[in-house]
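Below is one structure, written out as structure tokens; the observations come after it.
Whatever order the structure lists ligands and atoms in, that order sets their numbers, starting from 1. It should be emphasised that the depicted structure is a prediction, and the values quoted were computed from it without experimental measurement.
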Amino acid sequence: MKCRRCGADPAIISLPSHNTGFCESCFRDFFSAQVDRGIRSQKLFTHDDKILVALSGGKDSLSLMLELSRQGYDVTGLHIDLAIPQSSSQARSVIEDFCKIHDLRLIVKETKEEGLEIPLVKKRLKRPVCSACGKIKRYFFNKIAMDEHFTVIATGHNLDDEVSRLFSNTLRWDADYLAGQGPCLIGENGFVRKVKPFWRLTEFETAAYAFLENINHHRAPCPYSGGASFTFYKTLLNRMEETMPGRKLAFYMEFLKTGRPAFSQFAKPAEETLHPCPACGYPTSADGLCGVCRIREAIQDRD
Ligand code: AMP
Ligand code: FES
Ligand code: ZN
């Protein structure tokens with residue numbers, strides 16, 4: 001197959017979902033154009049924003065940081081060091097090396113210095129640690145963004161992450177989540193805007209970008225979670241995509257255009273549900289303490 005754009009022979013990548021295939025240079029252009037289109041069409045941010053990019057060490061978030069910096073955005077990386085043995089130190093050093101090589105700013109937040117290292121949380125909490133870990137990460141994304149005056153938090157979620165989440169929300173007809181899901185969660189009432197600039201790009205496309213850019217990333221899954229989230233749905237949706245190329249992106253785009261507005265009546269208004277946590281002052285919808293202060297309380301003074 002020849003590159004559909006410049007005619008170079010052979011193309012290095014075939015993209016059936018876009019009914020096309022590209023040489024290396026045209027794939028890079030395609031990738032940048034998809035990111036740009038995703039940012040502009042959903043008004044995620046502009047070149048005036050101060051963007052905090054959440055870096056896990058995986059291929060998606062590192063590729064996101066590199067691509068946004070190349071597009072001239074004001075980006076700073078944020079890594080939450082979870083202190084998980086044999087995993088966190090590797091992820092952190094991959095990120096530190098990456099930021100050094102590309103001369104990018106990085107903030108590292110250690111959960112251990114807050115008494116919230118994940119192995120301790122896992123040992124002392126009586127429920128699965130993944131949801132507590134997610135809460136702790138989101139809490140520090142927002143707290144650091146607020147404290148350091150960032151205007152946007154960007155994560156590396158891609159189209160497969162978004163479509164599998166949408167599929168799961170739809171199977172449960174979770175009206176509140178269906179009213180709120182999307183590549184841009186508006187910032188208000190003590191929350192900084194959260195965006196997913198890779199929402200138009202599949203896992204395959206971000207992996208190809210990371211490979212071509214020679215990005216050394218942290219590959220091992222978290223030892224506490226049984227692998228990637230929504231794995232079953234992702235497999236299912238990829239089988240659908242093989243037979244019906246382009247359905248994943250079309251399903252998601254049509255949701256943004258038609259589905260989400262139809263569910264907007266079910267969204268809980270933020271002012272009704274949020275109040276400042278009496279211990280840390282950050283907004284929460286829980287009665288009394290916020291989720292993270294509850295975790296702090298639950299893991300205190302017990303062995
Ligand atoms: P995951 O839920 O692990 O697939 O991660 C989704 C996104 O959350 C990643 O692409 C990152 O942007 C962000 N993220 C996950 N873990 C961390 C972490 N430890 N520190 C900073 N950002 C993270
Ligand atoms: Fe949080 Fe595994 S429990 S990354
Ligand atoms: Zn709190």
Side-chain angles (χ1 to χ4, degrees), residues 51-65 68 75-92 94-96 98-99 106-112 114 116-123 125 127-145 152-162 164-165 190 194-199 201 203 206 210 217-231 234 274-298:
I51 306 165
L52 191 60
V53 184
L55 300 176
S56 61
K59 65 179 182 352
D60 298 293
S61 54
L62 293 178
S63 298
L64 176 63
M65 180 82 174
L68 293 184
V75 285
T76 300
L78 168 64
H79 176 58
I80 311 293
D81 185 332
L82 305 168
I84 299 173
Q86 277 112 49
S87 168
S88 295
S89 58
Q90 283 177 24
R92 180 171 170 171
V94 160
I95 296 166
E96 286 173 341
F98 170 87
C99 288
L106 173 67
I107 298 171
V108 175
K109 177 71 189 172
E110 296 190 356
T111 50
K112 195 169 167 43
E114 299 280 338
L116 287 169
E117 60 270 39
I118 300 305
L120 181 77
V121 176
K122 179 176 158 56
K123 191 170 147 208
L125 270 195
R127 53 197 168 81
V129 74
C130 289
S131 80
C133 171
K135 241 179 219 163
I136 292 169
K137 283 192 279 198
R138 288 191 299 275
Y139 178 87
F140 287 114
F141 292 169
N142 195 59
K143 183 171 172 10
I144 291 165
V152 185
I153 300 163
T155 56
H157 294 97
N158 57 41
L159 180 67
D160 295 68
D161 296 324
E162 281 299 275
S164 54
R165 180 179 296 271
K194 278 175 76 181
V195 300
K196 300 163 186 166
F198 276 178
W199 68 270
L201 290 153
E203 186 114 35
T206 60
H217 59 273
H218 181 64
R219 289 173 176 82
C222 168
Y224 296 160
S225 71
S229 48
F230 302 119
T231 311
K234 284 184 179 172
L274 290 175
H275 65 90
C277 167
C280 72
Y282 276 84
T284 177
S285 57
D287 279 341
L289 293 177
C290 75
V292 168
C293 289
R294 268 168 210 263
I295 294 170
R296 272 184 208 286
E297 199 180 54

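Metal site remark for atom 1 (Fe) of ligand 2: C222 contributes no N, O or S atom at a distance under 2.8 Å.
Residues I107 and H79 form no side-chain contact, since every pair of their non-hydrogen atoms from C-beta on lies 4.5 Å or further apart.
Residue contact check: K137 has heavy atoms under 4.0 Å from atoms 4 (S) of ligand 2. The ligand atoms of ligand 1 that sit less than 4.0 angstrom from a heavy atom of S61 are 10 (O), 11 (C), 12 (O). Heavy-atom proximity to C133, at under 4.0 Å, picks out these atoms of ligand 2: 1 (Fe), 3 (S), 4 (S).
Ranking the protein heavy atoms by distance from atom 21 (C) of ligand 1 puts L55 O, 3.1 Å first. Among protein heavy atoms, the minimum distance from atom 6 (C) of ligand 1 is reached at H157 NE2, 3.4 Å. Taking atom 15 (C) of ligand 1 as the reference point, the nearest protein heavy-atom neighbour is S56 CB, 3.5 Å. In this structure, the protein non-hydrogen atom closest to atom 12 (O) of ligand 1 is A54 O, 2.6 Å.
K194 forms no cation-pi arrangement with F141, by the criterion of a distance under 6.0 Å to the ring centre and an angle within 45° of the ring axis.
For L78, the closest heavy-atom approach to ligand 1 falls below 4.0 Å.
For the side-chain contact (heavy atoms from CB on, under 4.5 Å) test with D60, the passing option among E203, H217, H157, M65 is E203; the others fail.
The SG atom of C290 and the SG atom of C277 subtend an angle of 110° at the Zn ion (ligand 3), given to the nearest 10 degrees.
Neither the backbone nor the side chain of K122 has any atom closer than 4.0 Å to an atom of ligand 2 (non-hydrogen atoms only).
Counting all heavy atoms, side chain and backbone alike, V94 lies closest to L62 at CG1-CD1, 4.0 Å.
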